[in-house]
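The block underneath contains the structure these notes are about, expressed in structure tokens.
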Amino acid sequence: MEYNYLAKAVLIGDGATGKTSLMERFCHGTFSTSYLMTVGANFYSEIFEFGDNGDRLKIIYWDLAGEQQFDVVRTQFYMGTMICMAVFDLTRYITLKNLEKWLNEMYKNLEESVIPTVIIGNKIDLEIERSVSNDEATRFVNSLYDKFPEYKNMEIPYFETSAKTGENVEKTYRATAELFLKKLKESETED
Ligand code: G3D
Ligand code: MG
């Protein structure tokens with residue numbers, strides 16, 4: 001399918017938060033319980049159509065894993081990133097805290113000082129095991145505006161998803177694509 005905009009997105013966040021599962025759910029409509037740790041990187045792509053003026057945005061998603069400890073792949077992984085999807089696990093508070101480290105690492109390896117970013121709390125289906133409330137997550141997201149002042153002119157949306165049931169997954173990806181296109185058009189009109 002034709003498209004008139006192309007962007008690279010990365011999924012960041014601790015291992016086992018559900019990055020690969022979210023991508024599989026969104027792109028293939030599947031969920032697998034046999035946990036195969038990602039080796040290298042997975043690539044996915046999707047074309048979003050925006051009805052109002054016929055814009056088509058293709059996003060290529062880079063889902064890194066396995067080699068998260070090797071610095072060499074970092075620069076290549078982040079190079080040219082335009083969209084960030086930062087994923088934590090709602091049942092493990094530490095994975096929310098660690099998103100700050102992940103964002104720091106991304107910006108260390110990026111020329112851009114700020115890119116459209118969404119925070120995703122995944123595994124909303126595990127209600128009983130949930131250890132991060134919506135309020136807590138929202139407070140954390142708000143604290144990012146202090147830690148990364150460049151976000152002052154850009155909202156950081158927060159979503160809660162389940163890759164297992166599919167709840168909110170489609171909506172999250174679409175909203176992310178929309179956020180990117182909106183920012184891109186704003187910067188185009190500024191130039
Ligand atoms: P990662 O790519 O971030 O490392 P994965 O994470 O997508 O590989 O998922 C890690 C584990 O979490 C997998 O379980 C996977 O099935 C599970 N998982 C991912 N998303 C969800 C979700 O929304 N709900 C639930 N209940 N589990 C989820 P295993 O058991 O295979 O390790
Ligand atoms: Mg993975």
Side-chain angles (χ1 to χ4, degrees), residues 7-33 35-38 41-42 44 46 48 59 61-66 68 77-78 81-107 114-148 150-152 154-180 182-183:
K8 171 182 173 179
V10 293
L11 281 91
I12 58 171
D14 287 357
T17 54
K19 301 179 296 295
T20 302
S21 299
L22 283 166
M23 286 306 323
E24 287 293 328
R25 163 63 66 193
F26 178 62
C27 290
H28 303 141
T30 55
F31 180 79
S32 165
T33 47
Y35 179 30
L36 282 181
M37 197 170 73
T38 315
N42 296 317
Y44 299 87
E46 183 69 32
F48 296 86
I59 301 182
Y61 300 89
W62 291 46
D63 166 29
L64 178 80
Q68 276 163 355
F77 178 70
Y78 291 113
T81 298
M82 296 175 247
I83 302 168
C84 172
M85 302 178 84
V87 183
F88 73 96
D89 179 342
L90 284 164
T91 71
R92 290 182 292 144
Y93 185 74
I94 184 70
T95 63
L96 173 65
K97 281 281 166 215
N98 283 343
L99 285 186
E100 198 184 323
K101 288 187 206 155
W102 281 103
L103 287 167
N104 275 321
E105 177 182 287
M106 180 178 76
Y107 283 120
V114 62
I115 58 171
T117 300
V118 300
I119 308 293
I120 300 170
N122 186 43
K123 307 194 187 181
I124 199 175
D125 57 287
L126 297 176
E127 272 167 63
I128 306 155
E129 292 165 52
R130 181 174 178 134
S131 68
V132 183
S133 69
N134 188 290
D135 274 2
E136 238 168 339
T138 306
R139 239 177 291 133
F140 175 83
V141 172
N142 286 333
S143 78
L144 293 176
Y145 293 105
D146 299 325
K147 288 162 191 155
F148 301 87
E150 296 88 350
Y151 280 115
K152 67 179 183 297
M154 203 184 285
E155 67 166 321
I156 308 171
Y158 171 59
F159 300 98
E160 295 187 343
T161 59
S162 169
K164 185 173 182 177
T165 67
E167 185 176 352
N168 237 358
V169 173
E170 186 97 31
K171 190 179 150 206
T172 298
Y173 276 86
R174 187 157 179 97
T176 306
E178 257 167 13
L179 176 74
F180 169 76
K182 188 170 138 241
K183 279 290 148 194

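Nothing fancy with the numbering, it's 1 onward along the sequence. Owing to the predicted nature of the structure, the values given are computational and were not obtained by experimental measurement.
- Rounding to the nearest 0.5 Å gives a distance of 6.0 Å between OG1 of Thr95 and CG of Asp14.
- Contact check for Val114 versus Phe148: no side-chain heavy atoms found under the 4.5 Å cut-off.
- Considering Asp135, Asn142, Asn134 in turn, Asn134 is the only one that fulfils the side-chain hydrogen bond (donor to acceptor under 3.5 Å, both in side chains) rule with Thr138.
- Of the listed residues (Leu179, Leu11, Ile59, Ile115), just one forms a side-chain contact (heavy atoms from CB on, under 4.5 Å) with Ile83, and that residue is Ile59.
- Contact between Tyr151 and Leu103 at its shortest, heavy atoms only, is OH-CD2, 4.2 Å.
- Here the straight-line distance linking atom NZ of Lys164 with atom CG of Leu126 works out to 6.5 Å at 0.5 Å rounding.
- If you take CZ on Phe88 and CD1 on Ile119, they are separated by 8.0 Å, rounding to the nearest 0.5 Å.
- The shortest non-hydrogen separation linking Ile120 to Tyr158 is C-CE1, 4.5 Å.
- Without hydrogens or angle criteria, Ser131 side chain to Thr91 main chain gives a donor-acceptor distance under 3.5 Å.
- Looking only at side-chain heavy atoms (C-beta outward), Phe180 and Val118 stay at 4.5 Å or farther from each other.
- For the side-chain contact (heavy atoms from CB on, under 4.5 Å) with Tyr145, the lone residue among Glu155, Met154, Glu150, Lys152 that qualifies is Glu155.
- Under the 3.5 Å distance criterion, with hydrogens and angles disregarded, no donor-acceptor pair is assigned to the side chains of Glu46 and Tyr61.
- Going from atom CG of Asn104 over to atom CG of Leu99 covers 11.0 Å, rounded to the nearest 0.5 Å.
- To the nearest 0.5 Å, the span separating CD on Glu127 from CG on Leu90 amounts to 10.5 Å.
- Taking CD1 from Ile12 and CG from Leu64, the interatomic distance works out to 10.5 Å, rounded to the nearest 0.5 Å.
- No side-chain donor-acceptor contact under 3.5 Å links Lys19 to the backbone of Val87.
- In this structure, Asn122 and Thr17 have side chains that are not in contact, with every pair of non-hydrogen atoms separated by 4.5 Å or more.
- With Arg130 contributing its side chain and Ile124 its backbone, the two residues share no donor-acceptor pair below 3.5 Å.
- Counting only residues at least two apart or in different chains, side-chain hydrogen bond (donor to acceptor under 3.5 Å, both in side chains) contacts with residues 168-178 are absent.
- Annotation for Phe159 and Pro157: closest pair CE1-CB, 3.7 Å, computed over non-hydrogen atoms.
- Residues Ala163 and Phe31 share a closest heavy-atom pair of O-CD1, 3.4 Å.
- The shortest non-hydrogen separation linking Leu96 to Ala137 is CD2-CA, 4.2 Å.
- For residues 87-97, the pairs satisfying salt bridge (charged side-chain N to carboxylate O under 4.0 Å, His left out) are Asp89-Arg92, Asp89-Lys123, with sequence neighbours left out.
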